[in-house]
Amino acid sequence: MRYDLVIFDNDGVLVDSEPISNRLLAGYLTELGHPTSYEDSIRDYMGSAMHRVHDLVLERTGRRLPEDFDEVFHARVFAAFERELRPVPGVTDVLEKLAADGMPYCVASSGSHERIRVGHRTTGLDRWFTDERIFSSEDVGRGKPAPDLFLYAAERMGVAPGRCVVVEDSPLGVQAAVAAGMDVYGFTAMTPPERLAGAGRLFAHMGELAGLLV
């Protein structure tokens, strides 16, 4: 295999959470007087940490979101996860192959540690991701598109950035991986390929990934 570490994004790459969370985010922002469609949420917030939501709303409207915004939003998301969340089709096969080949891998997500773990427990992916394989934007000062999170994950896993490949489905994540000096494969199941143009490879079905890594 040409890499020493595979770094997965979480939402939309490991767990099929983007439709759920963006539907709820758009609804909650609209409820608070910031009209937002599902498509708006995907365009503006997919792949980003929560601080981006606060920053963009303040920049655009001059109004701050409520202090309990994150708490209320995550409560809604976690409840929906329990009912609806599934692993991305084909991802367990990829993880099985990486484990069988002894290939190091981890997850580096804009989401909180709690969000990552709730999603993994709900979908059964927790068997593949022990604590030392989980990295969150909470661990660094700046989330994607800054490279900090990917660089931190590589450092903790003991692998040079140039020996890593990142699997991402958001433009912000692709920007972060490129800035970190890592190869990046763009997963286009939900994102138009042209929005992931910075990725070295593009693929539409998770079943294709194992073949790209060899």
If every non-hydrogen atom of R127 is compared with every non-hydrogen atom of G124, which pair is closest and at what distance? CG-O, 3.3 Å
For the ring pair F129 and Y105, is the centre-to-centre distance below 6.0 Å? yes
Between Y3 and M103, what is the shortest heavy-atom contact and its length? O-CE, 3.0 Å
Is any side-chain heavy atom of P104 closer than 4.5 Å to a side-chain heavy atom of D4? no
Could you go through the salt bridge (Lys or Arg N to Asp or Glu O under 4.0 Å) check for R115 and D11 one step at a time? CA-CA 10 Å; R115 177 183 173 122; D11 294 292; 3.2 Å; yes
Checking T130 against E132: is there a side-chain donor and acceptor pair closer than 3.5 Å? yes
Might you point out which heavy atoms bring K144 and L172 nearest each other, and give the distance in Å? CB-O, 3.9 Å
Taking atom types as modelled, is there a side-chain donor on D169 or T191 under 3.5 Å from an acceptor on the other? no
Residue from E31, E82, E84 passing salt bridge (charged side-chain N to carboxylate O under 4.0 Å, His left out) with R76: E31
Let me confirm one number: the CG-CE distance from L25 to M46, rounded to the nearest 0.5 Å. 13.0 Å
Between D131 and R117 the two heavy atoms that sit nearest each other are OD1-NH2, 3.0 Å
Nearest heavy-atom approach of L5 to A154 is CD2-CA, 4.1 Å
Nearest-0.5 Å distance that lies between atom CE in M157 and atom SG in C164: 9.0 Å
Distance only, no hydrogens: is a donor on one side chain within 3.5 Å (strictly under) of an acceptor on the other, for S110 and R52? no
Smallest heavy-atom separation, G198 atom then V184 atom, equals O-CG1, 4.0 Å
Under 3.5 Å, is there a donor-acceptor pair between the D139 and H113 side chains? yes
Value for CE (M206) from CZ (F203), rounded to nearest 0.5 Å, stands at 4.5 Å
